[in-house]
A.B. asks: 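Here's a structure for you.
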2 protein chains.
Amino acid sequence: MQLKELSEQSGVSAASIKYYLREGLLPPGAAVHATRAQYSAQHVERLDLIQALRRIVGLNIEQIRGILRMADDGASRLELLAAVQRVVLELDSYATVSGEVGTRPADAVVRLRGWPDSPSDARNALNAHLELMESVNIRVPGELLDTYSKAMDDVAGVDIAATTAPDSVDELILTAAVGMHMHSQLLLRLLALAQASHAIRRYEQDA
Amino acid sequence: MQLKELSEQSGVSAASIKYYLREGLLPPGAAVHATRAQYSAQHVERLDLIQALRRIVGLNIEQIRGILRMADDGASRLELLAAVQRVVLELDSYATVSGEVGTRPADAVVRLRGWPDSPSDARNALNAHLELMESVNIRVPGELLDTYSKAMDDVAGVDIAATTAPDSVDELILTAAVGMHMHSQLLLRLLALAQASHAIRRYEQDA
DNA sequence: GGCTTTAGGATAGAGCCACTATCCAATGCG
DNA sequence: CGCATTGGATAGTGGCTCTATCCTAAAGCC
């Protein structure tokens, strides 16, 4: 198919497709001639992925480019997962907490859960965030971290098990990124509901 | 104090303060004369709040204005909490899932946890989100929802207990919004770590 | 009393981002 | 043969949050 049809099938305007081509998000089609190129189903899939990462997960062009480039360079599933995580976690690194990152709390969690031991970005991000929370006086008692990590362990188990056979790299990225985002939003909504409930109980009591 | 000093104390540029005044985020100072106004410590506090909501929580001007207006109109703590939740939850209502909102799953959670019964925005948001997840084929088994809600129940308990005596409305908003955001980010990081761990185990096994 | 500084008001511009539109020459397709 | 389409280039749009400039009037200070 050529550009116009690709646009129709993906629901992305021809102008935007050109933009993505320029930005290196979408690989160029097979150039039949100087003024004619053929696009495939993979291009449609890629466009779907780009759309999802933009509109659902909220990544920007540069972040998407980074991930896709890795995918196209034949990165492993683990590497891709790590890349997706890096980007999603840094969505708002409002303050790059630097300084000596005490690896304590995350290590404890890892030990407690019996997770494989490897000092990852995810672990650093967790430690940095815990420091940040402490610095703004939000207490995170050990038991809470325990409860949280247990819950997350359960999700991850379900998630990874479900992600058995990703047909394509694009699909792997899609499920990883969208899944993380969806679960995170789900938790946020549950937290809101829980908070509202607790607040109601408390303030009614006061009154 | 006057504008310049307010700017120095809050770390917000004079131009931005003027902008916030124009946008109705910051109440005008007490006009001593046509060309002189006095600002108070409350103005500094308000600016801190605005900064936090912008930079940490990532709200836009209109969202902040809405919350602050409620606060200044003397809304109750519950109303304010609800308003904050509404805004934070809608941060990315990528798809306003409408239609007959089956109140089933959230109701079950509420019953299970023994939360006070009131059909709230939070509950609707949860139901809508669960529908959305289902529509993109992300399974959320009942046990998972159970685990999640238990964890969130624990946090909310700690949170609300800690938020005993907010000295000012601004502080209440600050702790609510920042707290929600921080916990949500914490969970996201834990999820990332858990996923990475599970993925490592799984893929190592495969290899 | 004059000089500098500041307030408030208005308006315009900057900078970023993700597009979107226009123009072009070259060329394939019917 | 001629219309439509392509890749390539470039410029413009719209939303958002500031930031900068200009102005007049008045206060503070010596």
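Letters A, B, ... are given to chains in the order of the sequence lines, protein chains preceding strands, and every chain is numbered from 1.
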A.B. asks: Atom CD of A:Q63 and atom C1' of C:dA18: how far apart are they, to the nearest Å?
C.D. replies: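 It is 13 Å, rounded to the nearest whole Å.
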A.B. asks: What is the distance, to the nearest angstrom, from the CG atom on A:L3 to the C1' atom on C:dT20?
C.D. replies: 14 Å
A.B. asks: Any side-chain N or O of A:R54 less than 4.0 Å from the OP1 or OP2 oxygen of C:dC19?
C.D. replies: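 So the side-chain polar atoms of A:R54 do come within 4.0 Å of the phosphate oxygens OP1 or OP2 of C:dC19, strictly under.
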A.B. asks: Please check the phosphate of D:dT17 (OP1 and OP2 only) for any side-chain N or O of B:R55 closer than 4.0 Å.
C.D. replies: no
A.B. asks: What string of B, S and - do you get for nucleotides 19-30 of chain D, 5' to 3', when a contact is any protein heavy atom under 4.0 Å?
C.D. replies: B-----BSS---
A.B. asks: Considering heavy-atom distances to DNA chain D, does A:E5 or B:N60 have its closest nucleotide positioned more toward the 5' end?
C.D. replies: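 Upstream on the strand: A:E5.
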A.B. asks: Any base atoms under 4.0 Å from A:E23, or only sugar-phosphate, or nothing? Heavy atoms, all strands.
C.D. replies: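 A:E23: no heavy atom of the nucleic acid under 4.0 Å.
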A.B. asks: What I'd like to find out is whether the side chain of B:L49 reaches to under 4.5 Å of the side chain of B:E171, using heavy atoms alone.
C.D. replies: no
A.B. asks: Could you list the residues that satisfy side-chain hydrogen bond (donor to acceptor under 3.5 Å, both in side chains) with A:H43, not counting sequence neighbours?
C.D. replies: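 Per chain and number, A:H43 pairs via side-chain hydrogen bond (donor to acceptor under 3.5 Å, both in side chains) with A:S40.
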A.B. asks: Between atom CD in A:Q2 and atom P in C:dT27, what is the gap in whole Å?
C.D. replies: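 One finds 16 Å between P of C:dT27 and CD of A:Q2, rounded.
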A.B. asks: Can you pull the salt bridge (charged side-chain N to carboxylate O under 4.0 Å, His left out) pairs that have at least one residue in residues 6-30 of chain A, sequence neighbours excluded?
C.D. replies: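 Listed by first then second residue: A:E23-A:R65.
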A.B. asks: Per the salt bridge (charged side-chain N to carboxylate O under 4.0 Å, His left out) rule, what does the pair list look like for residues 29-47 of chain B, sequence neighbours excluded?
C.D. replies: B:R46-B:D72, B:R46-B:D170
A.B. asks: Going by side-chain hydrogen bond (donor to acceptor under 3.5 Å, both in side chains), name the residues that satisfy it together with A:R54, two or more places apart in sequence or in a different chain.
C.D. replies: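 A:R54 satisfies side-chain hydrogen bond (donor to acceptor under 3.5 Å, both in side chains) with no other residue.
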A.B. asks: Please state how far atom CZ in A:R65 lies from atom P in C:dA18, giving the value in whole angstrom units.
C.D. replies: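 A:R65 atom CZ is separated from C:dA18 atom P by 9 Å.
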A.B. asks: Output all residues satisfying side-chain hydrogen bond (donor to acceptor under 3.5 Å, both in side chains) with B:D154, sequence neighbours left out; order by chain, then residue number.
C.D. replies: B:K150
A.B. asks: Quickly work out the B:Q51 CD to D:dC18 C1' distance and round it to whole Å.
C.D. replies: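 The distance from CD of B:Q51 to C1' of D:dC18 comes to 11 Å, rounded to the nearest Å.
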A.B. asks: If you count every heavy atom of other residues, nucleotides or ligands that lies below 6.0 Å from B:E134 atom CD, does the total exceed 12?
C.D. replies: no
A.B. asks: Which residues pass the side-chain contact (heavy atoms from CB on, under 4.5 Å) test with A:A82, sequence neighbours left out?
C.D. replies: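 Only A:R86 meet the side-chain contact (heavy atoms from CB on, under 4.5 Å) criterion with A:A82.
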A.B. asks: Could you give the NZ-to-P distance, from B:K4 to C:dG8, as a whole number of Å?
C.D. replies: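 That distance rounds to 14 Å.
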A.B. asks: Name the nucleic acid region contacted by B:L21, choosing base, sugar-phosphate or nothing; use a 4.0 angstrom heavy-atom cut-off, strictly under.
C.D. replies: nothing
A.B. asks: When you measure from every atom of DNA chain D, which of residues 37-50 of chain B have a heavy atom less than 4.0 Å away?
C.D. replies: none
A.B. asks: Among all residues two or more places apart in sequence or in another chain, which pass the side-chain hydrogen bond (donor to acceptor under 3.5 Å, both in side chains) test with B:T147?
C.D. replies: none
A.B. asks: Between atom CG in B:L59 and atom P in D:dT17, what is the gap in whole Å?
C.D. replies: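 In whole Å, D:dT17 P and B:L59 CG are 10 Å from each other.
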